[in-house]
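The structure appears right after this line, and notes come after that.
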Amino acid sequence: MLEVTPMHEGWGLRHDGAVLPATVPGCVHTDLLAAGIIPDPFLGRNETEVAWVGRRDWTYETTLVPGPGGHEQSDLVLDGLDTVAELRLDDRLLGSVRNMHRSYRFDVTGLSGRLSVHFRSAYGEAEAVRGRLGERPNVYPAPFPYLRKMACSFGWDWGPTLVTAGIWKPVRLEHWTTARIARVRPLVTVGQGSGHVELHVEIERSRVEAGLRLGARVAGVAAAVDVVGTGAVVRVDVPDPDLWWPRGYGEQPLYDVELTLSDAGGPLDSWRRRVGFRTVGLDRRDDEHGSGFTFVVNGVRIFARGVNWIPDDILPARLTRERYRTRLAQAAGAGVDLVRVWGGGIYESEDFYDACDELGLLVWQDFPFSCAAYPEEQPLRGEVEAEARENVVRLMPHPSLVLWNGNNENLWGFRDWDWERRLAGDSWGEGYYLGLLPRIVAESDPTRPYTAGSPWSGSWEHHPNDPRHGTHHSWEVWNRRDYADYRLEVPRFVAEFGWQAPPAYATLRRALPGEVLAPDSPGMLHHQKADDGNGKLARGLARHFALPGRGLDGAGFDRWHYLTQVNQARAVAAGVEHWRAHWPVCAGTIVWQLNDCWPVTSWAAIDGDGREKPLYHELKRLYADRLLTLRPGPDGLVLAAVNQSAEPWACRLTLRRMSVEGEVVARADVELAAGARAVADARVPREVEPVGPKEFLIADEDTDADAARGVVDGARAVAGGAAVGLRALHFPVADREIPYPAPRFDVTVTPGEGTAAVVVTAHTLVRDLLLQADRLSPSASADRGLVTLLPGERVTIGVRGWETLGHLDAETVRSALYCVEPAR
Ligand code: BMA
């Protein structure tokens with residue numbers, strides 16, 4: 001039987017004549033950090049101080065000891081090398097590699113000695129290839145298109161430049177005899193009431209003549225075949241399997257697949273994975289609106305409630321199974337059902353897709369190409385082909401994976417960003433996206449759809465970012481306009497749109513020790529990588545709020561920090577509410593972006609320290625099965641009940657036109673009947689449309705419990721305790737024009753087991769109340785984000801992690817409570 005010896009101990013990293021202890025898997029930065037040679041690049045402006053690391057060559061070494069004996073063959077297997085390296089055993093060259101996205105296997109039978117992995121600087125190598133092939137257009141100055149390495153390693157508009165090198169994935173020796181399983185392509189399909197698992201197996205033999213047999217077992221059903229040559233197909237049919245569903249649509253049953261290779265003497269090798277039975281399709285048919293982009297899972301058409309995913313640590317070797325699980329569970333907790341793995345990052349590890357399989361998160365996987373023209377000449381073309389073949393097959397077992405996408409924004413760039421002229425006929429990647437990659441997906445994994453790019457309209461006939469066709473990236477709004485302008489378009493599928501905000505206060509405090517925080521203080525500017533990011537934040541804010549009159553440090557900074565986070569949540573809400581209300585014309589929104597890879601001001605909902613910004617909590621409302629929205633339409637205010645659940649939603653509503661002082665000016669009752677997975681909308685009755693800066697509209701869903709208590713007339717508990725229906729609010733003018741009353745509210749704190757309940761009771765209108773629990777203690781978090789209270793209403797906010805404070809009193813809590821204040 002094949003025997004595995006892990007090789008994670010005893011590694012050293014050569015540095016300035018010494019050998020430092022090295023962690024494998026790991027990278028140069030983490031080893032230098034552990035040795036105290038570089039400061040933490042995430043803090044202050046240390047990033048610039050460690051820039052030299054990426055410019056050097058680095059050598060890792062260890063001793064290769066002979067195998068356990070009794071085997072014919074020994075292979076050295078490396079799951080990932082970052083990136084350009086030569087591997088030697090003493091003086092013998094084992095091989096040269098140049099692709100972070102591939103794994104490698106070297107025959108080391110009978111060998112032992114000093115194993116060294118010498119990495120060339122990724123910059124040096126990429127610049128050399130660029131020199132040979134000629135410079136091509138790129139949104140960023142870095143040479144990432146000339147090397148198959150995680151692009152954002154070289155810096156991005158939310159990420160630091162930390163050009164890594166190292167053995168970033170596990171390493172082992174595999175000792176075997178006669179034959180081993182070299183590759184398995186499981187085609188999992190569902191049809192005629194059965195699940196089918198077709199295992200296409202490739203075998204490597206050391207002895208050609210041996211008689212081999214492959215046996216497979218799934219859900220108690222077994223099948224076996226004799227192996228002739230080096231390939232075989234085993235098929236197992238599972239009658240009546242339980243279907244795998246995205247979260248919110250059903251369960252996520254997973255089935256173990258066990259494959260065993262044997263000869264007359266017994267088992268030689270085995271392969272185990274979990275699969276799920278589901279069908280997936282993408283409906284891209286033409287209709288009267290253009291051409292759609294709708295995921296269909298098990299025959300059910302889905303509005304994708306998505307988030308974009310970037311590498312969760314800019315040093316990806318540090319990512320653990322637990323870390324992936326935590327982050328993806330956060331996504332699921334926000335109501336997300338689709339995660340797009342963005343093309344400037346990596347093909348993620350098994351841990352990522354395992355968590356998605358279990359949590360019911362659909363995965364859209366980009367091939368790693370982003371924001372640049374990529375040469376199609378050697379040595380790149382061969383590397384692209386090899387990495388794509390390997391990763392398509394590696395990720396095939398995962399039911400969560402529902403789409404392969406050729407690239408991020410490169411088809412758009414070619415058409416719109418003057419690439420076509422500048423390229424003057426040079427290759428730029430089109431041959432990958434429209435030729436090589438779809439061919440590989442069709443050959444290796446015909447069970448999954450492929451799209452050439454994001455955005456992409458389906459062909460060159462339409463502009464790649466045409467909102468009427470296929471996928472669309474909506475960036476004009478953040479870059480130049482007010483977020484209300486999201487409402488000017490109904491794209492068929494919004495694969496990127498977003499709004500920036502700074503991270504949580506405790507995250508900034510940790511990352512920028514000792515700094516007097518201001519939007520433009522040195523550390524804040526260093527941790528803002530976007531083109532004119534602060535300018536866009538400021539202009540976006542000024543459209544809605546009177547900026548704090550005081551200086552933007554101290555209390556002024558706190559105000560700026562709160563308001564920019566409010567604006568982020570409101571911007572994304574404006575988009576999602578509008579687009580969900582246009583289902584099924586619009587069939588998905590993928591918010592840019594779920595996560596961060598270090599502490600930074602960015603579009604993320606969860607910051608670099610894992611803390612949830614107000615946007616995160618807003619997503620829970622925006623991505624719930626039932627969403628109530630009020631939005632301005634061309635002929636007045638529109639009320640919509642958006643229902644993504646399988647049950648119809650008969651929605652009874654009380655609409656109140658109120659003054660900001662809390663008086664009801666007019667009221668109306670409205671009923672909306674949204675079918676299963678459908679939207680119902682209605683024009684708001686004229687008499688309740690708010691007029692002028694002093695009025696707003698509030699729509700409350702009447703639940704039976706509410707109706708019995710006449711609750712909308714009296715005090716209403718907004719969360720915690722009383723079962724209440726959904727609510728939508730509409731203010732006709734920008735906050736800076738609204739004569740808000742000075743907010744007044746009471747605070748009580750009830751400590752519980754590892755959690756405290758903070759109850760805020762409003763005496764006036766309190767708009768967008770937020771408890772920044774991390775200001776109480778860096779370990780504390782609140783279970784809700786922004787909430788608007790009418791006079792007399794109360795909200796219960798659960799705080800976890802507060803016990804480190806020992807004592808939590810109402811006055812302390814008050815110091816961490818923010819809300820919109822009247823303009824002065
Ligand atoms: C999109 C993404 C990223 C970028 C983001 C914010 O284009 O694909 O390249 O980080 O916008 O600018």
Side-chain angles (χ1 to χ4, degrees), residues 137-142 144-145 150-161 306-312 314 338-346 364-374 403 405-417 419 429 433 451-456 463-465 467 470-481 483 486 491 493-503 527-537 539-540 568 571-572 575 588-598 600-608 613 615:
N138 184 347
V139 172
Y140 293 89
F144 60 80
M150 177 171 97
C152 65
S153 199
F154 293 87
W156 216 260
D157 60 2
W158 34 254
T161 301
V307 285
N308 280 283
W309 172 276
I310 63 167
D312 205 52
I314 197 64
L338 180 140
V339 179
R340 170 180 173 225
V341 181
W342 164 79
I346 52 178
W364 152 335
Q365 176 72 44
D366 284 10
F367 283 100
F369 300 89
S370 186
C371 298
Y374 284 75
L403 179 68
N405 170 40
N407 74 84
N408 176 68
E409 297 190 344
N410 295 347
L411 300 163
W412 185 14
F414 178 74
R415 177 54 55 89
D416 247 15
W417 303 343
W419 293 4
Y433 318 133
T451 185
S454 186
W456 180 231
H463 185 284
N465 202 28
T471 48
H472 177 70
H473 290 194
S474 179
W475 281 115
E476 271 304 290
V477 171
W478 155 254
N479 285 328
R480 275 168 280 278
R481 311 213 305 243
Y483 56 70
Y486 284 134
F493 193 107
V494 190
E496 280 185 16
F497 72 107
W499 204 272
Q500 275 203 346
H527 291 244
Q528 161 62 284
K529 301 292 191 184
D531 182 27
D532 190 26
N534 272 17
K536 291 171 189 173
L537 277 178
R539 290 190 292 281
Q568 179 189 35
V572 171
T589 51
I590 311 185
V591 176
W592 186 269
Q593 65 209 67
L594 174 72
N595 57 336
D596 268 333
C597 62
W598 77 315
V600 67
T601 294
S602 82
W603 300 262
I606 303 170
D607 77 19
K613 297 193 205 173
L615 169 60

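Here, residue 1 is the first one in the sequence, and each next residue gets the next number. All figures in this text were calculated on a predicted structure; none of them were measured in a lab. Both backbone and side-chain heavy atoms feed into the values below; hydrogens, waters and symmetry mates do not. Counting starts at 1 for both ligands and their atoms, following the listed order.
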>> Show me which atoms of ligand 1 lie under 4.0 Å from any heavy atom of W475.
In response: 1 (C), 5 (C), 6 (C), 7 (O), 11 (O)

> Which atoms form the tightest heavy-atom contact between S370 and F144, and what is the distance?
Replying inline: O-CE1, 3.4 Å

>> Please report whether the ring centroid of Y140 lies less than 6.0 Å from that of W156.
In response: yes

>> Heavy atoms only, cut-off 4.0 Å: how does H473 contact ligand 1, side chain, backbone, both, or neither?
In response: neither

> Is the closest N or O pair between E409 and ligand 1 shorter than 3.5 Å?
Replying inline: yes

>> Using heavy atoms and a 4.0 Å limit, tell me yes or no: is C371 in contact with ligand 1?
In response: yes

> Can you tell me if CG on D531 sees more than 12 non-hydrogen neighbours from other groups inside 6.0 Å?
Replying inline: no

> At what distance is the nearest protein heavy atom to atom 6 (C) of ligand 1, and which residue and atom is it?
Replying inline: D157 OD2, 3.3 Å

>> On a heavy-atom basis, I'd like to know which of F497, W592, W478 is closest to atom 5 (C) of ligand 1.
In response: W592

> Relative to each other, are the rings of H527 and W598 parallel, tilted or perpendicular (30° and 60° limits)?
Replying inline: parallel

>> Would R340 and D366 count as a salt bridge (Lys or Arg N to Asp or Glu O under 4.0 Å) here? Give the steps.
In response: CA-CA 7 Å; R340 170 180 173 225; D366 284 10; 2.7 Å; yes

> What's the shortest distance from atom 3 (C) of ligand 1 to any protein heavy atom, and which residue and atom give it?
Replying inline: W156 NE1, 3.5 Å

> Shortest non-hydrogen contact from Q593 to S602?
Replying inline: NE2-OG, 3.8 Å

>> Please state which option from N479, N308, N408 has its nearest heavy atom closest to atom 8 (O) of ligand 1.
In response: N408

> Using heavy atoms and a threshold below 4.0 Å, how should the contact between E496 and ligand 1 be classified: side chain, backbone, both, or neither?
Replying inline: side chain

> For the atom pair CH2 (W342) and OG (S454), what is the distance rounded to the nearest 0.5 Å?
Replying inline: 12.5 Å

